[in-house]
Amino acid sequence: MNNLSQQPYLLAALLGLTLTACGGSDDAATPEPIYPSYTDVTALGGDTTTFDASNSGHGFSTPSVNLTAAELELHIEGDTNFELSFTTAPNDEHPELDGLGPVFNNADCNSCHQRDGRNSTPFLDADQTRVKLGSAAGIFLRISKAPAEPCTEGNAANNYCAPIKVPDFGDQLFHRGVLQARSDWEDNAFVGQADVYLSYERQDIVYPDGRIVNLKKPIFEVENPYDAPGETKQSANVTSNLLQDDVLMGWRNGMPVFGLGLLEAIPEQSILANVDADDINEDDISGRANWVFDAIKAKNGDDNPVSLGRFGWKANTPSVRVQSLGALRGDIGITNSLFPDESIAGTSLHDSYLTRTGFVDTGVDENGDPEASDEYSDSVVFYAETLAVPARRNVDDASVREGARLFEQLNCHSCHTPSFVTQTEGTIGGLPMSDSLKGQIIYPFSDMLLHDMGDELADGRPDYLADGNEWRTRPLWGIGLTQTVNPQAGFLHDGRAANLEEAILWHDGEAKKSKEDFMELTLVEREQVLAFLRSL
């Protein structure tokens, strides 16, 4: 992997050693620590950075500070639309809210991205062994059929390596539904395609110094699918398409949505420069790019509608627009011009719902237009593209500074690449890029690539070129404010980590050595690493 950002202070370190060796005294003073170049950086989002909301519960909800007046007006419109809660059709009083479902995961964007950050982790009461996911859950399950063989190249012949949809269900499991979504609705009112239950397995991790940390791993159980009501995986002669042995399931938490436009504005070649699929530098780190189907290119008639994946836990979407409008149609059930078909169109559930209720609902309004207007869609996308990155805090604190040095020493920066410079011209998501995003020096602490994170974090589900063990490196900017914005938020793709220390301890695979080296640190040193992370 090319880590060019290391070179200035590696050179300084070498010079420091030379000067010490030539000093001519055995009693030479201990040299000052060599800190990474980003140790003193505060403006993580360049000129978009906000310094006014860093310790606020709304620290992720500030517009980029360099927007024009017209852009700010569009951003504020998008903010309003991001929080709209959609309703079941028909809604004659508020037709702009019409179109929810018929099955969905949540009724608005904010429920999965609470205050523009992470969603709350579901907790179990003392007397509960498991909890059923409902309206408060910002977590959902991706589903797909196991492929017959690994996909090695994205092209039209193999559907660009897209996940294989589960017959009569699709590629996402919707645990909620409108009143009459199911044919057995009198017994299962407001239930979607199936019931999903969450429980936890626990294990202790012991540090070399004897300190014990208890970790929890989420376990999901799917029951009562609409195509075989009451059935479970343990039922005799399982008939449901959803409960077959070759159906793969991967759980997903809602992600923070600030700084996304900056990530999309990173030049493709800058991301690909860090690809080291063959681990040429022999550091056990081998980042890979995910190449994914691009709905915008397909709509525009591109002969090869494939783009670099940048967003999603598996880097399975190419742009903020595809991510946002795909979630609008998928998570909520609201069609739009990019995704004009209902998420479950053509399934038995959808067909029976239309027949039973008498609706002539194919995802369009009375004028034949998608349920979400282009005005609504554009504003929500722009909102997600132009939320400001919060500024770093406590950069002069000695523990934070030492934590930055240890972060580098542990080789964390090999995946969490500190900085990039955004492009100075061009488009993002198929539209002209806002001047606010151009030419910014940013510090997301992510290489935007896929890495094998080990079996314990694996979901076993391939997604385009990503295999079941691979995850995209999460940006670390703003991570120290996560639980200021939402005290019940968890970390990692399924919220299993209650804090940053637990998140580190779940690292394995390519990150195994860094995790083990972290565990070998003294308690004071571990706290310094965590202090650095909390400063971001």
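The pair E223-R130 counts as a salt bridge, with a side-chain nitrogen and a carboxylate oxygen less than 4.0 angstrom apart. A salt bridge does not link K216 with D494: every distance from a Lys NZ or Arg NE/NH1/NH2 to an Asp or Glu carboxylate oxygen is 4.0 Å or more.
Shown here for S348 and D168, the closest heavy-atom pair between the two residues is OG-OD2, 2.7 Å. The nearest pair of heavy atoms linking V103 to L349 is CG1-CD2, 3.7 Å.
Not a single disulfide bond (SG atoms under 2.5 Å apart) links C109 to another residue, sequence neighbours left out. Applying the salt bridge (Lys or Arg N to Asp or Glu O under 4.0 Å) test to D171 and every residue at least two apart in sequence or in another chain returns nothing.
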### Candidate pair K513 and D508, rule salt bridge (charged side-chain N to carboxylate O under 4.0 Å, His left out), full reasoning
CA-CA 8 Å; K513 186 177 188 304; D508 205 60; over 6 Å; no
### Task
Give the C-alpha distance, both sets of side-chain angles, the deciding distance and a yes or no for salt bridge (charged side-chain N to carboxylate O under 4.0 Å, His left out) between E456 and K217.
CA-CA 9 Å; E456 283 296 311; K217 180 179 181 178; 3.6 Å; yes
### Task
Apply salt bridge (charged side-chain N to carboxylate O under 4.0 Å, His left out) to D463 and R461, showing your working.
CA-CA 7 Å; D463 203 336; R461 180 179 178 272; 3.5 Å; yes
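In this structure, H493 and W471 have parallel ring planes: the angle between them is below the 30° cut-off, well short of the 60° mark.
By the neighbour-count criterion of 12 heavy atoms within 6.0 Å, atom CG of D245 is sparsely surrounded, having that number or fewer from other residues, nucleotides or ligands. Remark: K145 NZ is packed, more than 12 non-hydrogen atoms of other residues, nucleotides or ligands lying under 6.0 Å away.
Judged by the 6.0 Å and 45° rule, R526 forms a cation-pi pair with Y207. A cation-pi arrangement is absent between R142 and W251, since the terminal nitrogen or guanidinium carbon is not both under 6.0 Å from the aromatic centre and inside a 45° cone about the axis.
Here R405 contributes atom CZ and E525 contributes atom CD; the two are 7.5 Å apart, rounded to the nearest 0.5 Å.
Note: Y38 and Y443 fail the aromatic proximity criterion, with ring centroids not under 6.0 Å apart. Taking the six-membered ring for Trp, Y226 and F169 have ring centres closer than 6.0 Å. Separation of the F532 and F518 ring centroids does not fall under the 6.0 Å cut-off.
In this structure a side-chain-to-backbone donor-acceptor pair under 3.5 Å is present from Q244 to S240.
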